[in-house]
Participant: 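Right, I'll just put the structure down here and ask away after.
The model shown is predicted, which means the values in this text are computed figures rather than measured ones. Counting starts at 1 for both ligands and their atoms, following the listed order.
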Amino acid sequence: MARPSLKVLEKEKPKTDLATEQSLYEVRKKIYPRAVHGWFAAWRWALVWATQLVFYGGAWLEWNGRQAVLFDIAQRKFYIFGLVFWPQDFIYLTALLVVSALSLFLFTAVAGRLWCGYACPQTVYTEIFMWVEKLIEGDRAQRIRLDRGGLSARKLGLKAGKHAAWLAIALWTGFTFVGYFTPIRGLWHDVWSANAGAWSTFWILFYGFATYGNAGWMREQVCKYMCPYARFQSAMFDPDTLIITYDPQRGEPRGPRARGADLKQLELGDCVDCGICVQVCPTGIDIRKGLQYECIGCAACIDGCNQVMDKMGYARGLIRYSTEHAMQRGLDRAQTLKRAFRPRVLVYSAILWIVIVAAAASIWLRVPLKVDVIRDRAAIAREVEGGRIENVYRLQIMNTTEKPRRFALAAEGLPTLALASPAEVDVPGASTSEVPVRLRIDPGAAAPGTHRIEFEVRALDERDVKVEEKSVFIVR
Ligand code: SF4
Ligand code: SF4
């Protein structure tokens with residue numbers, strides 16, 4: 001049998017490789033979300049205001065003559081209102097991360113992507129940037145017309161105005177962010193007098209351009225391709241998780257009709273196929289196709305569809321928060337909510353409360369004093385006047401309050417053990433003092449060897465502020 005020539009084989013080779021690769025890298029189609037009003041949009045805006053008031057305003061709050069919230073990395077101290085946290089308080093950062101993670105698990109198990117839809121910075125800044133865009137270029141139809149139209153002075157003016165406004169917001173955001181790490185009033189003065197340090201300038205520009213790029217240009221692509229949470233959130237869903245759902249039993253068959261038309265006669269469901277739910281969607285998806293990973297749970301499609309239902313005189317809720325079980329089994333609202341209290345949710349809630357209460361109690365009971373005892377390694381034990389034995393230590397005394405304090409030092413654990421250095425020491429507020437301490441015992445008071453002793457450091461103005469630290473006394 002004749003073998004096919006190489007040329008023939010080349011011709012017959014399927015062209016799947018190239019075709020597959022091309023389909024994987026879909027060119028982005030610009031999305032023009034239509035403005036929407038309604039209950040959920042109002043909630044989203046309430047959260048935009050709340051989060052941004054805290055973020056932009058928090059950096060300017062004063063407390064006891066200093067910035068109320070300041071993460072002073074250079075000095076390795078975090079100030080949060082009346083509390084000062086040190087690197088030794090790392091456990092509280094761990095608790096904060098555990099609480100954040102558990103909250104995310106809990107809210108996702110109960111109501112899907114609540115965080116993404118209402119409070120995520122990407123959503124919040126995109127909302128602000130879209131509001132600016134609408135203010136300058138108009139709503140969806142006007143923006144589409146503007147982009148499709150030719151270059152003109154008006155178009156250039158509108159685009160320049162929009163980008164200038166975006167950049168102003170973005171740079172202010174970058175400035176505020178850096179203002180949490182370096183005192184914001186000084187930073188403000190430095191920026192205006194062109195004296196800001198290289199690192200401050202870098203981080204203001206970096207964070208500013210990240211905001212401009214993510215909220216102005218990337219938008220839904222951040223959620224679709226960059227955010228890891230979008231990828232694993234489906235693993236936290238179960239059939240009783242509230243998700244934004246289109247009700248196909250009620251909506252289908254979809255189709256246009258006149259207002260007041262007889263649906264039975266037309267054999268149509270409630271969906272008028274107006275496409276509003278797609279037009280308002282910031283990620284450009286059609287929720288009628290079912291739950292998709294691109295859905296950030298913003299509920300804009302609920303508000304949009306409810307407006308259509310109102311106009312048509314139909315009941316609201318063709319698109320609504322519901323669960324897979326509620327849809328399949330026809331559960332009513334009370335039955336659906338009851339299923340929210342399932343074991344998984346109760347376990348998450350219990351662990352979350354335990355961690356919150358433990359962390360709060362630990363902060364409440366925290367002694368604002370830390371002491372480290374370091375033995376002087378150069379002189380293990382030495383004989384001084386009168387044949388006494390002396391050991392030398394360094395005490396690191398950390399006053400974690402903001403007021404200066406005087407501390408009394410004492411040691412016990414051996415007969416005749418006494419301080420041969422000053423018994424009181426002053427430590428300024430929110431700082432550490434390193435104090436050399438000499439301890440002595442009388443000759444023959446202890447056998448040669450290593451003996452356990454205990455230092456006590458106590459604030460003179462508050463009896464409860466005291467720390468006991470163990471160490472050893474060596475006799476040779
Ligand atoms: S907005 Fe409501 S009625 Fe209009 S297409 Fe979407 S689901 Fe159908
Ligand atoms: S489908 Fe609805 S809830 Fe999901 S992102 Fe689009 S508008 Fe928001």
Participant: Answer yes when Arg219 and Glu133 have at least one side-chain N-carboxylate O distance shorter than 4.0 Å, and no when they do not.
Facilitator: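 Glu133 and Arg219: salt-bridged.
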Participant: Hey, could you give me the OG1/CD distance between Thr123 and Glu220, rounded to the nearest 0.5 Å?
Facilitator: 12.0 Å
Participant: Checking a contact table here: which protein heavy atom is nearest atom 2 (Fe) of ligand 1, and how many Å away?
Facilitator: Cys305 SG, 2.4 Å
Participant: Quick one: are Phe71 and Ile80 in side-chain contact, heavy atoms under 4.5 Å?
Facilitator: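 Answer yes - side chains close enough.
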Participant: Using 4.0 Å as the upper bound for N to carboxylate O, is an ion pair formed by Lys159 and Asp147?
Facilitator: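 Result for this pair is yes, salt bridge flagged.
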Participant: Which bit of Arg254 gets closer than 4.0 Å to ligand 1, counting heavy atoms only: side chain, backbone, both or neither?
Facilitator: neither
Participant: With a 4.0 Å cut-off on heavy atoms, is Met312 in contact with ligand 1?
Facilitator: no
Participant: Does Gly304 come within less than 4.0 angstrom of ligand 1, counting non-hydrogen atoms of the residue?
Facilitator: no
Participant: Within a distance under 4.0 Å of any heavy atom of Met309, pick out the atoms of ligand 1 and give their elements.
Facilitator: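 Once the distances to Met309 are compared, the set is 3 (S).
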Participant: Would a 4.5 Å heavy-atom cut-off, applied to side chains only, mark Asp139 and Arg34 as touching?
Facilitator: yes
Participant: At less than 2.8 Å, would any N/O/S atom of Cys274, backbone or side chain, sit next to atom 4 (Fe) of ligand 1?
Facilitator: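 So Cys274 does bind atom 4 (Fe) of ligand 1 by this criterion.
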Participant: How many angstroms lie between CE in Met309 and CD1 in Ile319, if you round to the nearest 0.5 Å?
Facilitator: 8.0 Å
Participant: Is it true that Glu462 and Arg405 make a salt bridge, defined as a side-chain N closer than 4.0 Å to a carboxylate O?
Facilitator: yes
Participant: Considering only non-hydrogen protein atoms, determine which one is nearest to atom 3 (S) of ligand 1 and report residue, atom name and distance to 0.1 Å.
Facilitator: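 The closest heavy atom on the protein side is Val272 N, 3.4 Å.
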Participant: Between Val278 and ligand 1, find which residue part has any heavy-atom pair under 4.0 Å and reply side chain, backbone, both or neither.
Facilitator: neither
Participant: Between Lys370 and Asp89, does any side-chain N to carboxylate O distance fall below 4.0 Å?
Facilitator: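 Asp89 and Lys370: salt-bridged.
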Participant: Find all atoms of ligand 1 within a distance of less than 4.0 Å from any non-hydrogen atom belonging to Cys271, and give their numbers and elements.
Facilitator: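 Answer, ordered by atom number: 3 (S), 5 (S), 7 (S), 8 (Fe).
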Participant: Go through it in stages, so that I can follow the logic: the residues are Asp238 and Arg339, the test is salt bridge (charged side-chain N to carboxylate O under 4.0 Å, His left out), and I'd like the CA-CA distance, side-chain angles, deciding distance and then a yes or no.
Facilitator: CA-CA 11 Å; Asp238 62 36; Arg339 295 180 73 95; over 6 Å; no
Participant: What atoms of ligand 2 come within less than 4.0 Å of a heavy atom belonging to Ile244?
Facilitator: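 Close to Ile244: 3 (S).
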Participant: Taking heavy atoms and a distance under 4.0 Å, where does Ile285 meet ligand 2: side chain, backbone, both or neither?
Facilitator: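 Contact part for Ile285 vs ligand 2: side chain (C-beta onward).
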Participant: Which residue holds the protein heavy atom closest to atom 6 (Fe) of ligand 1, what is that atom called, and what is the gap in Å?
Facilitator: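 The protein heavy atom lying closest is Cys277 SG, 2.3 Å.
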Participant: Taking only heavy atoms of Ile287 into account, list the atoms of ligand 2 that are under 4.0 Å away from them.
Facilitator: 1 (S)
Participant: With atoms numbered from 1 as shown, which atoms in ligand 2 lie under 4.0 angstrom from a non-hydrogen atom of Ile296?
Facilitator: 4 (Fe), 5 (S)
Participant: Could you measure the distance from the OG atom of Ser362 to the OH atom of Tyr92? Nearest 0.5 Å is fine.
Facilitator: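 Here the rounded value is 2.5 Å.
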Participant: Output the distance between atom CD1 (Ile285) and atom CD (Gln292), rounded to the nearest 0.5 Å.
Facilitator: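 Separation between the atoms: 4.0 Å.
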Participant: Using a strict cut-off of 4.0 Å, indicate which atoms of ligand 1 neighbour a heavy atom of Arg288.
Facilitator: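 Counting atoms of ligand 1 from 1, those under 4.0 Å from Arg288 are 5 (S), 7 (S).
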Participant: Enumerate the atoms of ligand 2 whose separation from the nearest heavy atom of Ala299 is less than 4.0 angstrom.
Facilitator: 3 (S), 8 (Fe)
Participant: Can you give me the closest heavy-atom contact between Ile169 and Ile128, atom names plus distance?
Facilitator: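 Heavy atoms only, the tightest pair is CD1-CG2, 4.1 Å.
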Participant: Name the closest protein heavy atom to atom 4 (Fe) of ligand 2, giving the residue it belongs to and the distance to 0.1 Å.
Facilitator: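 Heavy-atom neighbour on the protein nearest atom 4 (Fe) of ligand 2: Cys295 SG, 2.3 Å.
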Participant: Going by the atom numbers of ligand 1, which of them fall below 4.0 Å from some non-hydrogen atom of Asp273?
Facilitator: 5 (S), 8 (Fe)
Participant: Identify the protein heavy atom lying closest to atom 8 (Fe) of ligand 2, giving its residue, its atom name and the separation to 0.1 Å.
Facilitator: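 Residue, atom and distance for the closest contact: Cys298 SG, 2.3 Å.
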Participant: Closer than 4.0 Å to some heavy atom of Cys301 - which atoms of ligand 2 meet that?
Facilitator: 1 (S), 2 (Fe), 3 (S), 7 (S)
